[in-house]
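Worksheet: the structure to be examined is printed underneath.
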Amino acid sequence: MFTRILKRSSWIDIIISIIFILLGILLIKKPEETLKAISTILGIIFVAMGVLKLIQYFTEDKKDDYLLVIALVTVIFGTIVIFASNTILSVFKLILGIWIIATGVMDFQITLIWKDFKSPSCIISILFSILIMFVGIIILINENILTTTLGIIIIIYGILDLIDRLIFMKKVGNYIINKDKVS
């Protein structure tokens, strides 16, 4: 069961890596349109969540004032997001940088756990983990990073993470085979 969960989560991580690669390509090919689309989509999601909370507030018998406040703040925030794509880029870079660093740290930690299997791909995984963390740091510290550069960095991250996930899946497969041989 544990190995099934590992494999499923690895496939989800691979899909996320591919999404990052596609997002990076879009940021390179059509930076303004991509940023506007991201802002619009996020804004619409927040406005919709706020409207749903408003409906919930007005349809429930027991009125919770915090629900009304959350609904109004979410609608206002969503509206701001729709019309402030430059601000969204800054927030997006912050979230993206933190996400990438966290992924690199987790990959590094997992690689250290798997190093006991004396896999030759362990050093490659460690290097990829460090490179992934480095890419996240670049995104965070460089405030003037161009959208195209951000797209390139996102593609690099996606490719490195994709390779790292494939190596991880191979390690899990080898672990299962070795475990079955011992049993």
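For the numbers below, each heavy atom of this structure counts, side chains included, while hydrogens, waters and symmetry mates do not.
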Applying a strict under-4.5 Å side-chain criterion to I, L, V, M, F, W and Y, I'd like to know whether [X] and [Y] cluster together.
X: L27; Y: I18; value: yes
X: M106; Y: I159; value: no
X: I82; Y: V51; value: yes
X: I124; Y: I156; value: yes
X: I14; Y: I12; value: yes

[atom1] of [X] to [atom2] of [Y]: how many Å apart, nearest 0.5 Å?
X: D161; Y: S17; atom1: CG; atom2: OG; value: 3.5 Å
X: K62; Y: L67; atom1: NZ; atom2: CG; value: 11.0 Å
X: I25; Y: I152; atom1: CD1; atom2: CD1; value: 11.5 Å
X: L26; Y: I38; atom1: CG; atom2: CD1; value: 8.5 Å
X: I154; Y: L23; atom1: CD1; atom2: CG; value: 4.5 Å
X: L160; Y: F134; atom1: CG; atom2: CZ; value: 12.0 Å

* So, for A71 and G50, which heavy atoms are closest and what is the spacing to 0.1 Å? ->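 Taking every non-hydrogen atom into account, CB-O, 3.4 Å.
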* Between D107, V105, I100, which is the residue that forms a side-chain contact (heavy atoms from CB on, under 4.5 Å) with T103? ->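 That would be D107; it is the only one of D107, V105, I100 passing the side-chain contact (heavy atoms from CB on, under 4.5 Å) with T103.
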* Would you mind listing the cluster partners of V73? Hydrophobic ones only (ILVMFWY), side-chain contacts under 4.5 Å, chaining allowed. =>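 Members alongside V73: V69.
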* ring pair (Phe, Tyr, Trp, His ring centres under 6.0 Å) partners of Y157, counting only residues at least two apart ->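 F20.
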* To do: Just jot down the ring pair (Phe, Tyr, Trp, His ring centres under 6.0 Å) partners of F46, sequence neighbours excluded, or say none.
  =>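 Ring pair (Phe, Tyr, Trp, His ring centres under 6.0 Å) list for F46, sorted by chain: F77.
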* To do: Begin with the C-alpha distance, continue with both residues' side-chain angles, and end with the deciding distance and a verdict on side chain to side chain contact (heavy atoms under 4.5 Å, CB included) for I110 and D164.
  => CA-CA 11 Å; I110 290 170; D164 196 46; over 6 Å; no
* Asked: Would you find more than 12 non-hydrogen atoms of other residues, nucleotides or ligands less than 6.0 Å from Q109 atom CD?
  ->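 Open.
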* Asked: So, does S125 use its side chain to make a donor-acceptor pair with the main chain of T111 at under 3.5 Å?
  ->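 Absent.
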* Sub-4.5 Å side-chain heavy-atom contact between V75 and K53 ->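 No, too far: nothing below the 4.5 Å cut-off.
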* To do: Would you check if I139 and I101 make a side-chain contact, meaning some heavy-atom pair closer than 4.5 Å?
  =>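 Answer no - side chains too far apart.
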